[in-house]
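Below is one structure, written out as structure tokens; the observations come after it.
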Number of protein chains: 2
Amino acid sequence: MKPKKRTTIYDIAEKLNITASSVSRALNNSNHVNEETKKLILKTAAELNYKRNVLASNLRKGQTKTIGVVVPRINQNFFSNVIAGIEETTYSKNFNLIICQSNESHEKEIKCINALINQHVDCIVISVAIEGTDYSHLQNVIDHGIQLIQFDRVADEIETLKVINDNEQATFEAITHLIDQGYKRIALLEGPQTLNIFRQRKEGYLKALNKHKIPVIDELIIENAWTKELGAEATRKLLSLPEPPDAIFASTSDFSALGVLEVATSMGFKVPTELGILGYANEPFTELTSPSITTIDQFSQYMGKTIANLYFQESENKDTTVVPRTISVKPKLIVRASTSRK
Amino acid sequence: MKPKKRTTIYDIAEKLNITASSVSRALNNSNHVNEETKKLILKTAAELNYKRNVLASNLRKGQTKTIGVVVPRINQNFFSNVIAGIEETTYSKNFNLIICQSNESHEKEIKCINALINQHVDCIVISVAIEGTDYSHLQNVIDHGIQLIQFDRVADEIETLKVINDNEQATFEAITHLIDQGYKRIALLEGPQTLNIFRQRKEGYLKALNKHKIPVIDELIIENAWTKELGAEATRKLLSLPEPPDAIFASTSDFSALGVLEVATSMGFKVPTELGILGYANEPFTELTSPSITTIDQFSQYMGKTIANLYFQESENKDTTVVPRTISVKPKLIVRASTSRK
DNA sequence: CTGAAAGCGCTTACAG
DNA sequence: CTGAAAGCGCTTACAG
């Protein structure tokens, strides 16, 4: 390894027989420094391969230009797209991103949050884990004066900036589409009702049925079917009923819908004629299955950008307090073969 | 917003009528401090909701416990899995991860690297962008005394720790499999030969043909077919030849293979009987297409863990210089329907 | 076991 | 326009 000792502003100052103050000013492009010496300083800095020590700078300035992101899983399409969207915006503002994944564990989520507080990040962006009902760790973020932005899966009771999907409306339209296609016994695979997103999707489902005077049948509503395996299991049960459903809405994810499709196919049900299948999230694979799966696109990357922009917007008017508010992105129904029988 | 002023070790010291030195020692669990006072300090710290200022601590200690990661795209399955693997390990060691994406742009890659150097990260992990042939920015990392680990797409000439796939061997086995299945005119869709991975895959292809005394036919080798669109375009050309290939190896990615499949199907070629298709990366969708696509699994998450472990291993024996070396992970051929005609 | 002091590298109000 | 000095919050060798 080459020398670990890095050049500091003092090295530059010494070489040019000036003070570190001037060097610092030049490097920060202050105009309280002579144009000539500024040029000289910049030149010397380049020669000595100077890199600012951001730690020291941040410590002094009391801000880190860093945003922390906590998501359940980095390698899940929706989240990695949101992160990509955030990154795009923060990068252009010279901000850094620290990424943590909770792995759907409440305990790890708390640890991630604490690590980010320790890091003195300027903002924390989070989508909470499936686990957990106590959100005092989020309140703690706010108590430390750190901007908190929740997205997608949010804790309703913690008042912050929120960027969410209009899950209820999207679901309402999706179910209406099923009804338009002539489906009459529509089953719902629901996720843990502790999470806002799953409650809202259920709500949309109920409202759509109601609007069309279709009775809600309890045995067609299956709890906790939020993975491919659980979706498959639920489908096995549903399709074995004396009066099986003629459509299944996997409200939790496309993975769950995939489980539905596989079981339905193996049980000999024709999709979409005998069974309609509807997923959620527009995972890339949904257009590759046969038949392709109707689903709901969440504009994930756009959500990421929205989140980042929201932060920068807020941080610009420093003096005024942040008014907790919710930005709702309207998801889009993507109709494909699995529900098209007309 | 609540008070921005956070409690420091001085606040704790003042309250207990001791010095910050002792507080610091207690917080760092030093045993040069009385057990009783240590307990008292910890208790008080908790009461005051004290969070260490990691910036100050790092500045003083000269290490940040942070690893920077630069990948072409965060939201690409392979990379997000590698990141997830790295995260899992670094998290357990209380390290932070700063993530950047180059978006395949050489210029942005350089900016990311510089930002990470500024941040004084302890280690930089990178998979280089498609663009670019000059890797002096990587040398710069080393010159700053920062551990550099390259993975998957590496700059051969920069001597560092490297974690790669044995692309050549994997390809060799894949092509051998095609030959075993009776395919005789095997086309190659290759990626930019500036990247090691694509050179190695081509090498494996050539060696396998050679071994089986199958002539290499230039018109069956298509340059720069590394996206779905380019794969599709190449396939249109190949299948229109007077003597079209009976198999296509999309060495660049499964996305390219998907392009092949779609064009082949639309042109009326039967897969796998009339045309075999082989991809690379084992993207989740490859088992969902019809027919499912034979591909090569890169153990991406495992690679991530390997990278992180490598760093911690090296950082433990500080005094000895790091010996540049390469860890080669053996990818695995996943045989599916698109090449199974026996 | 505990304290006083220096210093990590920078920024910035205060003088001039 | 430039310098001297203080301070961000912590850690750690040096005394005692």
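Numbers restart at 1 for each chain; the letters A, B, ... are given by sequence-line order, proteins then strands. Just so you know, these numbers use all the heavy atoms, side chains as well, and skip hydrogens, waters and symmetry mates.
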So what does [X] touch, heavy atoms closer than 4.0 Å: a base, only the sugar-phosphate, or nothing?
X       : result
A:Asn58 : nothing
A:Thr8  : sugar-phosphate
A:Leu55 : nothing

Inset, instruction - Verify whether one side chain among A:Gln139 and A:Asp143 offers a donor that lies under 3.5 Å from an acceptor in the other. - result: yes
Nearest to the [X] side chain among [options], which nucleotide is it?
X       : options               : value
B:Arg25 : D:dG3, D:dC10, D:dA13 : D:dA13
A:Lys61 : C:dT2, D:dC10, C:dT12 : C:dT12
A:Ser21 : C:dT12, C:dG9, D:dG9  : C:dT12
A:Asn34 : C:dT2, D:dC1, D:dT12  : D:dC1

May I have the distance from [X] (atom [atom1]) to [N] (atom [atom2]), rounded to whole angstrom?
X        : N     : atom1 : atom2 : value
A:Tyr50  : C:dG9 : OH    : C1'   : 8 Å
A:Asn118 : D:dG9 : CG    : C1'   : 13 Å
B:Asn28  : D:dG9 : CG    : P     : 17 Å
B:Gln119 : C:dG9 : CD    : P     : 16 Å
A:Asp11  : C:dG9 : CG    : C1'   : 11 Å
A:Glu14  : D:dA4 : CD    : P     : 14 Å
B:Ile12  : D:dG9 : CD1   : C1'   : 12 Å
A:Leu59  : D:dA6 : CG    : C1'   : 13 Å

Legend entry - DNA chain C: 5'-proximal contact among B:Ala56 and B:Asn17 (nearest heavy atom): B:Asn17
[X] side chain N/O closer than 4.0 Å to the phosphate oxygens (OP1, OP2) of [N]?
X       : N     : answer
A:Ser22 : D:dG3 : yes
B:Thr19 : C:dG3 : yes
A:Thr37 : D:dC1 : no

Partners of [X] by salt bridge (Lys or Arg N to Asp or Glu O under 4.0 Å), sequence neighbours excluded?
X       : result
A:Glu87 : B:Lys108
B:Lys65 : none
B:Lys43 : B:Glu47
A:Glu36 : none

Legend entry - Nearest-nucleotide 5' precedence on DNA chain D, A:Tyr10 against A:His32: A:His32
Using atom [atom1] of each nucleotide, how far apart are [N] and [M] to the nearest Å?
N      : M      : atom1 : result
D:dG9  : D:dA13 : P     : 23 Å
C:dT2  : C:dA6  : P     : 23 Å
C:dT12 : C:dG16 : C1'   : 16 Å

Inset, instruction - Name all pairs fulfilling the salt bridge (Lys or Arg N to Asp or Glu O under 4.0 Å) condition that reach into residues 66-84 of chain A, sequence neighbours left out, sorted by first residue then second. - result: none
Inset, instruction - Would you indicate whether the side-chain heavy atoms of A:His137 and A:Asn114 approach each other to under 4.5 Å? - result: no
Legend entry - Dot-bracket encoding of pairs in DNA chain C, which uses [ ] for pseudoknotted crossings and | for another strand, Watson-Crick or G-U under 3.5 angstrom: |||.||||||||.|||
Inset, instruction - Verify the neighbour count for atom NZ of B:Lys51: are there more than 12 heavy atoms of other residues, nucleotides or ligands below 6.0 Å? - result: yes
